[in-house]
Amino acid sequence: MPESSHPDLESVLITETAIRRRIKKLGGEIMAAYGDEPITVISIINGAILFTADLLRQIDNPIRLDCIRISSYRNETKSIGKPQLIHTLTLDVTNRHVLLIDDILDTGKTLSMVAKLIRRLNPASLKVCILLDKEGRREVPLEADFVGFKIPDKFVVGYGLDFAERYRNLPCIGVLKPQLQNPPEWA
Ligand code: IMP
Ligand code: MG
């Protein structure tokens with residue numbers, strides 16, 4: 001039976017089943033890396049909400065969860081400026097093992113800005129976990145420690161990723177139809 005798509009998608013890049021399977025393995029990779037250590041997870045919202053919720057249920061370590069809100073100053077499909085901090089951390093991360101989670105690593109501007117902010121607070125360690133990696137797009141050098149999927153340079157939505165705040169609730173990840181990436185009434 002074909003897995004669910006959405007009429008606004010040109011194609012499904014990663015199915016719901018593939019996401020579930022990969023996240024289970026990713027949980028295992030993270031547990032192997034941390035042993036019995038407690039982890040302070042910092043999720044970059046809104047994009048990483050769905051990924052974080054599913055990934056954390058695959059990790060048995062003691063976990064503290066905090067969220068940080070960043071505006072990446074995108075004009076829907078392209079990153080156009082410096083990311084801005086909208087809401088900062090509430091948990092203390094000094095001397096803690098910090099795992100930073102985001103939905104996608106694109107130019108690297110967002111994650112490098114957040115990583116810099118966390119490093120200034122002297123964590124015991126800092127690792128980065130992302131669901132998607134658009135490898136060829138980096139403007140700031142940054143590699144993640146844990147990667148769900150490497151994807152081509154296409155604008156994707158679903159499973160937390162949005163276009164103008166829509167499509168975050170799709171269970172799969174897909175490429176938005178090009179004619180919907182620039183609705184004429186918005187031009
Ligand atoms: P970066 O700062 O360029 O690495 O991009 C960071 C943010 O841009 C991510 O956290 C996403 O919210 C957003 N982003 C990048 N590529 C896509 C995409 O293909 N679809 C939806 N959001 C994206
Ligand atoms: Mg984001």
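In this chain, numbering begins with 1 at the start of the sequence shown. Values below: every heavy atom of this structure, side chains too, minus hydrogens, waters and symmetry copies. One-based numbering, in listed order, for ligands and for the atoms of each.
Which parts of ligand 1 touch Lys154 is read off a 4.0 Å heavy-atom cut-off, strictly below it: atoms 19 (O). Atoms of ligand 1 found under 4.0 Å from any heavy atom of Asp162, numbered from 1 in the order shown, are 21 (C). Taking a cut-off of under 4.0 Å to the non-hydrogen atoms of Asp102, the atoms of ligand 1 that pass are 10 (O). Shown in contact with Asp103 at under 4.0 Å from a heavy atom are these atoms of ligand 1, numbered in order with element: 9 (C), 10 (O), 11 (C), 12 (O). Less than 4.0 angstrom separates some heavy atom of Lys109 from each of these atoms of ligand 1: 2 (O), 4 (O). When each atom of ligand 1 is checked for a heavy atom of Thr107 under 4.0 Å away, the hits are 1 (P), 2 (O), 3 (O), 4 (O). In summary, the atoms of ligand 1 found under 4.0 Å from a heavy atom of Lys134, numbered by their order in the structure, are 16 (N), 17 (C), 18 (C), 19 (O).
Look at Pro83 and you'll find every heavy atom at least 4.0 Å from all atoms of ligand 1. Residue Arg137 places every heavy atom at 4.0 Å or more from ligand 1.
We find that Arg138 and Glu135 are not joined by a salt bridge, their nearest charged nitrogen and carboxylate oxygen being 4.0 Å or further apart. Taking a cutoff of 4.0 Å between a charged side-chain nitrogen and a carboxylate oxygen, Arg22 and Glu29 qualify as a salt bridge.
Using modelled atom types, one finds no donor on one side chain facing an acceptor on the other under 3.5 Å when comparing Thr94 with Asn122. In summary, the side chains of Thr107 and Arg137 do not present any donor paired with an acceptor at a separation below 3.5 Å, with no hydrogens or angles considered. Looking only at atom types and distance, the side chain of Asp103 has no donor-acceptor partner in the side chain of Tyr159 under 3.5 Å away.
The N/O atoms of Phe155, backbone and side chain alike, include none that comes under 3.5 Å of an N/O atom in ligand 1.
Only one option out of Ile104, Ile130, Asp102, Ile49 pairs with Ile44 in a side-chain contact (heavy atoms from CB on, under 4.5 Å); it is Asp102.
Judged as a side-chain contact (heavy atoms from CB on, under 4.5 Å), and not counting sequence neighbours, the contacts of Lys177 are Glu10, Gln179, Leu180.
Nearest-residue assignment for atom 20 (N) of ligand 1 (options Leu161, Val156, Leu105; heavy-atom criterion): Val156.
Note on residues 4-40: pairs passing ring pair (Phe, Tyr, Trp, His ring centres under 6.0 Å), not counting sequence neighbours, are His6-Tyr167.
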